[in-house]
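Residue numbers begin at 1 in each chain, while the letters A, B, ... track the order of the sequences.
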Amino acid sequence: MIELRNLTKSFKTPAGRKVLFRNVNAVFPEGKNIGILGRNGAGKSTLLRIMGGIDYPDSGRVITDQRISWPMGLSGGFQGSMTGRENAAFICGLHGIWGGAKRKVLDRVQEFAEIGDYFDAPVKSYSSGMRSRLAFGLSIAVDFDYYLVDEVMSVGDAHFKHKCEQVIAEKRKTANFIIVAHSMPILKKNCDVGIYLGPSGLQIFDTVQEAIALYQQGLPKPAQAAAGAQK
Amino acid sequence: MHPNIHRNPWQIQRDVIRALLIREMKTRFGKWRLGYAWVLLEPAMHIMLLAALFSFMGREFYPGIPTMLFMLAGIAPFICFSNAFGKGVAAVESNRGLFNYRQLRPFDAVLTRVLLEFAVYLFSLVALLVILAWFGVTARFNDFLLLVGINLLFFCFCLGISLTMCVVGTKFPEAAKFAPMIVRPLYFISGVFFSLEQVPQEYHVYLAWNPLLHMIELTREGLFASYHGMFADLPYLATSSLVMLAFGLLVYRSQWRDLVRSQ
């Protein structure tokens, strides 16, 4: 169960504070995959990170007994001067995986990421594709109840995307997902509950289809839609 | 494959600190050719340069104690303090990417850095004492227990100041620019290369407020049997260290969400 209680979040802008959502209350029962959609800058990633305990709201709380992952495929935590293996070992350590278990996980990550000998080269020498493969490989190494997915499917080549989808399909058997995506098929395929972040705040729907329908209403229809966005 | 599901908060804390320590060691020393030798070489060069400079001037700061040793006992704790101070200021900014892992918060980054600084300080102090002794630069040793006690207190002091600076440096990035300006004068008034007796009497009352001065004088008292710090005051060091730690923890606790919160 993930409960949002009185969640309010705003951002500082030069023109004063912009409220993303105000006093949100919601309960997501266990076993529900959550899809978050909205325009760029609507606060999707922020909401995802607040639910994951990485960022904090201005007020209110997220109450959960679930183990929630870091955003899948995230490579921001990598230290460029350390090798892929050392970075991976660090993340294992953070999650209490040491010794023999760690070596097993590292082998699996190396295999998934398909970076071969580069695994023992400094991360700063990686191409961006290799970085994201390593990052994604790492996020499958640790088992969680909920995985956070923030637009991860938009990186990498077709082969890698296919692999990611396979992994997600596999993980779905035992875990749930909170997904931010602009790709409607991905949301439709993977999510039960939909959260739509619109100009009027946050709305929660029992099915992701309803959220998608609302989102697509707001898609640019020439002229008057653009005028509406200015307000 | 499975994270250790039944980790209690202490186990999580321990895993995080352990992982961070390994990471810090690797990034700080792993990339250099001499690797971990820098743990010792870095402070050694600093200390030796200054000590050599002052012993060259041929002054004896304290009768019966070789200038090298006198300087070493002052510079080593000071470097530790100054590093704890500076690393605290930068702790959040240089670890932003790591706060994507929810169990890793600025406190862990600060604690790790202070732990590492402190270990480097103790290790290099002992190693340099041994090396100097091997070359025949020795003084009669005094009180091991005192050294253990004051160093525990000193650790609290460094952690407290580092936590405070972590909050200050993140909330007021401009303040970070002033950090070296605060540390540098402290270098001159903490008795690193003089004994308090050499300062005119009327300033003693003000200088004695500085906990670092007490730490340095007490370190010398602990190390050298013939040294008697004129103002060295253990209860004062204890009080100021614990107050500093409490202050640092309180400041951090009141502000920690703001440090990682997106604004």
Side-chain angles (χ1 to χ4, degrees), chain A residues 9-13 17 20 43 45-46 49-59 62 67-72 74-83 86-87 89-98 101-102 104-105 107-109 122 124 135 139-145 148 150 174, chain B residues 1-33 35 38 92-109 111-113 170-171 252-263:
Chain A
K9 180 75 186 173
S10 63
F11 274 129
K12 243 185 240 158
T13 65
R17 293 202 83 89
L20 298 178
S45 296
T46 308
R49 293 166 66 85
I50 288 174
M51 288 170 81
I54 301 162
D55 200 348
Y56 303 103
D58 297 347
S59 61
V62 176
R67 289 174 304 129
I68 304 179
S69 81
W70 66 88
M72 261 176 134
L74 178 107
S75 56
F78 287 160
Q79 166 72 45
S81 65
M82 293 193 334
T83 68
E86 286 167 343
N87 274 298
F90 168 70
I91 287 160
C92 287
L94 278 187
H95 294 87
I97 306 171
W98 302 97
K102 181 184 80 182
K104 252 186 248 164
V105 171
D107 287 344
R108 236 174 59 131
V109 169
K124 64 182 169 210
S139 50
I140 62 158
V142 187
D143 284 335
F144 288 103
D145 298 325
L148 305 182
D150 191 355
T174 53
Chain B
M1 239 70 11
H2 305 269
N4 197 339
I5 291 170
H6 302 292
R7 287 194 297 169
N8 63 38
W10 289 107
Q11 285 170 320
I12 295 175
Q13 180 71 70
R14 189 203 58 198
D15 284 337
V16 167
I17 296 297
R18 184 170 159 198
L20 270 173
L21 271 176
I22 296 171
R23 181 193 171 96
E24 285 272 318
M25 295 283 283
K26 288 227 165 88
T27 44
R28 262 188 73 177
F29 304 115
K31 60 189 164 183
W32 305 103
R33 194 161 296 178
W38 280 108
V92 171
E93 231 20 80
S94 54
N95 286 311
R96 275 271 173 227
L98 294 183
F99 302 137
N100 283 305
Y101 304 101
R102 60 181 301 171
Q103 64 271 56
L104 203 168
R105 301 290 89 174
F107 179 82
D108 307 301
L111 179 59
T112 306
R113 287 179 161 202
T170 313
K171 296 219 101 181
Y252 177 80
R253 185 168 164 73
S254 69
Q255 303 291 329
W256 72 274
R257 278 175 208 271
D258 276 355
L259 301 182
V260 279
R261 189 194 315 245
S262 56
Q263 298 290 332

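Side chains of B/S94 and B/R113: a donor on one and an acceptor on the other come within 3.5 Å.
The CG atom of B/D108 lies 10.0 Å from the CG atom of B/L98; values are rounded to the nearest 0.5 Å. To the nearest 0.5 Å, atoms CZ (A/F90) and CE (A/M82) are separated by 7.0 Å.
Chosen from B/L20, B/I12, B/N95, B/D258, the residue pairing most often with chain A at heavy-atom distances under 4.5 Å is B/L20. Contact tally against chain A (heavy-atom pairs below 4.5 Å) for B/R14, B/Q103, B/R18: the top residue is B/R18. Among A/Q79, A/K9, A/K12, the residue with the largest count of heavy-atom pairs under 4.5 Å with chain B is A/Q79.
Contact of A/I68 with chain B is made through backbone and side chain together, with heavy-atom distances under 4.5 Å. Within the 4.5 angstrom heavy-atom criterion, only backbone atoms of A/P57 (N, CA, C, O) approach chain B. Interface remark: B/I17 contributes no atoms to any contact with chain A (heavy atom separation under 4.5 Å). The part of A/T46 that comes within reach of chain B is its side chain, from C-beta onward, which places non-hydrogen atoms under 4.5 angstrom from that chain. In this structure, no portion of A/K102 lies under 4.5 Å from any heavy atom of chain B. Residue contact with chain A, scored on non-hydrogen atoms closer than 4.5 Å, is absent for B/R96.
Proximity of A/Y56 to A/V62: side-chain heavy atoms (C-beta onward) are nowhere separated by under 4.5 Å. B/D15 is not listed as a side-chain neighbour of A/L94, based on a closest heavy-atom distance of 4.5 Å or more.
Residues that satisfy the side chain to side chain donor-acceptor pair (under 3.5 Å) test with A/E86, not counting sequence neighbours, are absent from this structure.
Ring planes of B/Y252 and B/F107: tilted class, angle from 30 to 60°.
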